[in-house]
Amino acid sequence: MITLTIGMGLTGFGVFFLFFGMILFFDKALLAIGNILFVAGLSFVIGLERTFRFFFQRHKMKATGFFLGGVFVVLIGWPIIGVVLEVYGFFLLFRGFFPVAVGFIRRVPILGSLLNLPGISGLVDKVGESNTMV
């Protein structure tokens, strides 16, 4: 139970530092700290073995390469290119979870009505579709 709490805290701080680093015009140090905290927090939440199995499945190798390559590129000092690679890898890695997230958000009172607006609903429907396995 304590590792779950630590993991959620590390992941939350990682997301905060990533967001803050992007707001401050892609600050290299904040993005690097955010990346390290996010990956460490994910490892604490689901465990080292399951994290390794999640990232290194045969059908997710391209996504893992982009995500971890982006982390590496940020760490060596090219934050904009690294963040673009990370975001692409993140969407490839977690695209199986998007339909679940969209379904959940659609049931939230205010957010659900926002997702049903004419311009947004088509995009959300496209993101919410999934024909791949997690």
Side-chain angles (χ1 to χ4, degrees):
M1 183 67 179
I2 190 82
T3 59
L4 179 65
T5 306
I6 292 171
M8 292 300 291
L10 288 174
T11 304
F13 277 120
V15 170
F16 170 75
F17 277 109
L18 286 170
F19 180 71
F20 200 55
M22 283 189 253
I23 289 198
L24 293 176
F25 302 111
F26 293 93
D27 182 59
K28 291 181 269 192
L30 290 174
L31 291 172
I33 291 169
N35 284 325
I36 292 168
L37 289 174
F38 179 78
V39 173
L42 187 65
S43 298
F44 268 93
V45 170
I46 65 174
L48 285 174
E49 181 183 346
R50 289 182 69 191
T51 302
F52 186 80
R53 280 193 281 147
F54 176 77
F55 278 106
F56 294 104
Q57 295 174 12
R58 183 176 298 282
H59 66 281
K60 291 185 179 181
M61 290 306 285
K62 176 182 167 185
T64 300
F66 274 104
F67 184 74
L68 295 179
V71 170
F72 179 72
V73 170
V74 167
L75 290 175
I76 63 170
W78 294 341
I80 296 174
I81 296 169
V83 167
V84 169
L85 291 173
E86 281 180 47
V87 168
Y88 180 66
F90 182 83
F91 281 120
L92 288 179
L93 276 171
F94 295 101
R95 69 179 166 198
F97 298 113
F98 291 146
V100 175
V102 167
F104 174 76
I105 292 172
R106 284 190 183 217
R107 289 191 299 263
V108 175
I110 296 172
L111 295 176
S113 59
L114 286 175
L115 292 183
N116 290 326
L117 291 173
I120 299 174
S121 72
L123 178 67
V124 171
D125 290 339
K126 184 128 177 105
V127 169
E129 294 174 359
S130 177
N131 55 3
T132 59
M133 293 177 51
V134 175

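Keep in mind that this is a model prediction, so the values were computed, not measured.
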Apply side-chain contact (heavy atoms from CB on, under 4.5 Å) to residues L75 and I36 and explain how you reach the verdict. CA-CA 10 Å; L75 290 175; I36 292 168; 4.3 Å; yes

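Of all heavy-atom pairs spanning F67 and F90, the tightest one is CD1-N, 4.1 Å. Pairing each heavy atom of L114 with each of I120, the nearest pair is O-CD1, 3.7 Å. Smallest separation of non-hydrogen atoms from L93 and K60: O-NZ, 3.9 Å. In terms of heavy-atom proximity, T11 sits nearest to L42 at OG1-N, 3.4 Å.
Separating the OG1 atom in T64 from the CZ atom in R58 is a distance of 13.0 Å, to the nearest 0.5 Å. Atom CG of L123 and atom CG of L117 lie 12.0 Å apart (nearest 0.5 Å).
More than 12 heavy atoms of other residues, nucleotides or ligands shown are found within 6.0 angstrom of CD1 on I23.
With sequence neighbours excluded, the residues forming a salt bridge (charged side-chain N to carboxylate O under 4.0 Å, His left out) with D125 are R106, listed by chain and number. A search for ring-ring contact (aromatic ring centres under 6.0 Å, His included) contacts involving F19 returns nothing, not counting sequence neighbours. Not counting sequence neighbours, the partners of R53 by the side-chain contact (heavy atoms from CB on, under 4.5 Å) test are E49, R50. Under the ring-ring contact (aromatic ring centres under 6.0 Å, His included) criterion, F66 pairs with Y88, sequence neighbours left out. Taking the side-chain contact (heavy atoms from CB on, under 4.5 Å) definition, one finds that I80 meets it with F26, sequence neighbours left out.
When the side chains of ILVMFWY residues are joined at heavy-atom separations under 4.5 Å, either directly or via intervening members, V84 and V71 end up in two distinct hydrophobic clusters. Taking hydrophobic clusters as Ile, Leu, Val, Met, Phe, Trp and Tyr residues chained together by side-chain heavy-atom distances below 4.5 Å, F72 does not share a cluster with V74. Residues V100 and V108 do not share a hydrophobic cluster, defined by chaining ILVMFWY side chains whose heavy atoms lie under 4.5 Å apart. Taking hydrophobic clusters as Ile, Leu, Val, Met, Phe, Trp and Tyr residues chained together by side-chain heavy-atom distances below 4.5 Å, L92 does not share a cluster with F98. Follow the hydrophobic side-chain contacts under 4.5 Å out from I81 and you never reach L31; the two are in separate clusters.
Chaining together hydrophobic side chains whose heavy atoms lie under 4.5 Å apart places I33 alongside I2, I6, L10, F13, F16, F17, F20, L24, L30, L37, F44.
Looking at heavy atoms from C-beta onward, F56 lies in side-chain contact with L68 at the 4.5 angstrom threshold.
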